[in-house]
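The next block holds one structure in the form of structure tokens; read it before the comments.
Predicted model only: the values in this text are computed from it and were never measured. Keep in mind that the numbers below use all heavy atoms, side chains included, and drop hydrogens, waters and symmetry copies.
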Amino acid sequence: MSTIRYHDFDDINTLSASLSQQWLDAIHSATTPLSFALAGGTTPAPVYRRLDALLSASTTPHQPITLVATDERWVDDDDAQSNEGLFRRCLPLSAAKQHWQLLSLKNAAPTPAAAAAAIDARLREQLPQTFNAVLLGMGTDGHIASLFPGAPVQQDQRTCLAALHPQTQQSRMSLSLPRLLHTERIWLLISGAEKRRVLEDAEQQQLPISALLRDAGCPIDVFWCP
């Protein structure tokens, strides 16, 4: 199992301030182009907004930054459920200053399954082999990105795979577990007592989060608040 380092905070605001500053420091210390895989959802949104303010106000030069979602729903960017749309809404100031570019997990194909080969080729061509950091969330069922319990975490050696939400049957594209693990650091952002218990019990389970903890080649920094 990987080393897990817990960082506990009283609320999401203090958590966001700490993580966004660590993120900015990583950006400023890099000497080669940067790439980050980012979780969607409401929990990390304050972190993105805080980084947006820090990055847009900074006058320190930095390497080019590429952002990619850890997973994406097969919807338009202006849909409220789009993770790629979320990044644009949460990082508008730094986007206006061209501090980063977004590499999409979508194309014009009708389904993620039909798009998987082309998206895999895009990721291989336009991303470095190793992320500077992967920021993940986790569901109460132990899923990460759109890698759900009982479903594949990799297909055909590709960097991404088509996925279905087990309850809603919503179509998604997800980075594969091996692609998520090619990173210098992992930030796991969770809130609430229930998710904390799931994470602490993961070693005894067969869940996607269990596989991440088992196979990660770097320490996992857990940022938690109630």
Side-chain angles (χ1 to χ4, degrees), residues 2 4-9 11-20 22-23 35-52 67-75 79-91 102 105 131-149 151 153 160-161 163-168 170 172-177 179-183 185-202 205 207-216 218-226:
S2 298
I4 303 176
R5 302 184 294 213
Y6 284 94
H7 309 270
D8 295 349
F9 300 89
D11 54 54
I12 191 63
N13 290 329
T14 53
L15 185 159
S16 298
S18 177
L19 180 49
S20 60
Q22 185 178 137
W23 191 353
S35 63
F36 299 97
L38 307 182
T42 57
T43 303
V47 178
Y48 302 150
R49 287 192 288 266
R50 182 65 67 95
L51 178 70
D52 187 47
L67 306 180
V68 64
T70 59
D71 64 320
E72 174 63 315
R73 298 163 177 87
W74 213 246
V75 296
D79 190 298
Q81 296 189 76
S82 168
N83 290 339
E84 294 178 2
L86 172 76
F87 304 150
R88 291 190 172 94
R89 293 191 295 274
C90 288
L91 295 153
L102 183 63
L105 290 182
F131 289 118
N132 294 88
V134 171
L135 192 159
L136 286 167
M138 183 193 73
T140 55
D141 62 353
H143 85 264
I144 52 174
S146 282
L147 307 177
F148 296 100
V153 297
C160 60
L161 68 159
L164 286 176
H165 188 282
Q167 280 76 48
T168 66
Q170 184 185 56
R172 303 181 178 195
M173 184 74 78
S174 180
L175 295 184
S176 67
L177 180 62
R179 188 63 186 93
L180 291 170
L181 292 173
H182 280 133
T183 182
R185 64 184 79 186
I186 295 172
W187 296 321
L188 182 61
L189 175 56
I190 58 173
S191 61
E194 184 177 7
K195 290 186 179 182
R196 180 72 175 248
R197 287 193 297 271
V198 171
L199 181 61
E200 291 174 345
D201 294 341
Q205 306 296 321
L207 301 170
I209 185 61
S210 307
L212 180 85
L213 299 180
R214 181 185 66 243
D215 297 339
C218 62
I220 297 175
D221 287 288
V222 178
F223 288 78
W224 178 86
C225 66

Open item on the list: If I take atom OG1 from residue T70 and atom CZ from residue R179, how far apart are they, to the nearest 0.5 angstrom?
Closed with: 12.5 Å
TODO: Please check if the side chain of N13 supplies one atom and the backbone of S16 the other of a donor-acceptor pair under 3.5 Å.
DONE: no
TODO: Determine the minimum heavy-atom distance between T140 and V198, stating which atoms define it.
DONE: O-CG2, 3.4 Å
TODO: Heavy atoms only: give me the nearest E72-N83 pair and the separation to one decimal.
DONE: OE1-N, 2.7 Å
Open item on the list: Can you give me the closest heavy-atom contact between P46 and I12, atom names plus distance?
Closed with: CG-CG1, 3.9 Å
- [ ] For residues S146 and A163, report the shortest heavy-atom separation together with the two atoms involved.
- [x] O-CB, 3.4 Å
Open item on the list: Would the distance check show the side chain of S174 and the main-chain N or O of S176 forming a donor-acceptor pair, the cut-off being under 3.5 Å?
Closed with: no
Open item on the list: Using 0.5 Å steps for rounding, measure from the CD1 atom of I186 to the SG atom of C218.
Closed with: 4.0 Å
- [ ] Would you verify whether the NZ or CZ of R89 falls within 45 degrees of the ring axis of Y48 while also being under 6.0 Å from that six-membered ring's centre?
- [x] no
TODO: Starting at CG of L207, measure out to CZ of R214 and round the result to the nearest 0.5 Å.
DONE: 10.5 Å
Task: Side-chain donor/acceptor of S210 to backbone N/O of A202, under 3.5 Å - done: yes
- [ ] Might you point out which heavy atoms bring V153 and L147 nearest each other, and give the distance in Å?
- [x] CA-CD2, 4.0 Å
Task: Polar side-chain atom of T183 near backbone of L180 as donor-acceptor pair, under 3.5 Å - done: no
TODO: Could you please spell out the steps behind the side chain to side chain contact (heavy atoms under 4.5 Å, CB included) verdict for V134 and L175?
DONE: CA-CA 11 Å; V134 171; L175 295 184; over 6 Å; no
- [ ] Indicate yes or no: at least one non-hydrogen side-chain atom of L38 is less than 4.5 angstrom from one of P44.
- [x] no
Open item on the list: Looking at N132 and S35, would you say the former's side chain and the latter's main chain have a donor-acceptor pair under 3.5 Å?
Closed with: yes
Open item on the list: What's the separation between atom CG in L15 and atom CG in L189, rounded to the nearest 0.5 Å?
Closed with: 5.5 Å
Open item on the list: Please identify which of these residues, L199, I220, D221, meets the side chain to side chain contact (heavy atoms under 4.5 Å, CB included) condition with Y6.
Closed with: L199
Open item on the list: With a 3.5 Å distance limit and no angle check, can you tell me whether R50 reaches the backbone of S20 through a side-chain donor-acceptor pair?
Closed with: no
TODO: Would you indicate whether the side-chain heavy atoms of D8 and R196 approach each other to under 4.5 Å?
DONE: yes
Task: side chain to side chain contact (heavy atoms under 4.5 Å, CB included) between V47 and W23, worked out - done: CA-CA 10 Å; V47 178; W23 191 353; 4.2 Å; yes
TODO: Answer whether the closest heavy-atom distance between the side chains of H143 and P149 falls below 4.5 Å.
DONE: yes
Task: Qualifying residues under side-chain hydrogen bond (donor to acceptor under 3.5 Å, both in side chains), relative to E84, sequence neighbours excluded - done: S104
Task: Heavy-atom pair of closest approach, residues L212 and S2 - done: O-OG, 4.4 Å
TODO: Please state whether the rings of F223 and H7 are parallel, tilted or perpendicular, taking 30° and 60° as the class boundaries.
DONE: parallel
Open item on the list: Within this structure, what is the CZ-CG distance for the pair F87 and L67, rounded to the nearest 0.5 Å?
Closed with: 7.5 Å
Task: Separation between CD of Q167 and CG of D141, rounded to the nearest 0.5 Å - done: 7.0 Å
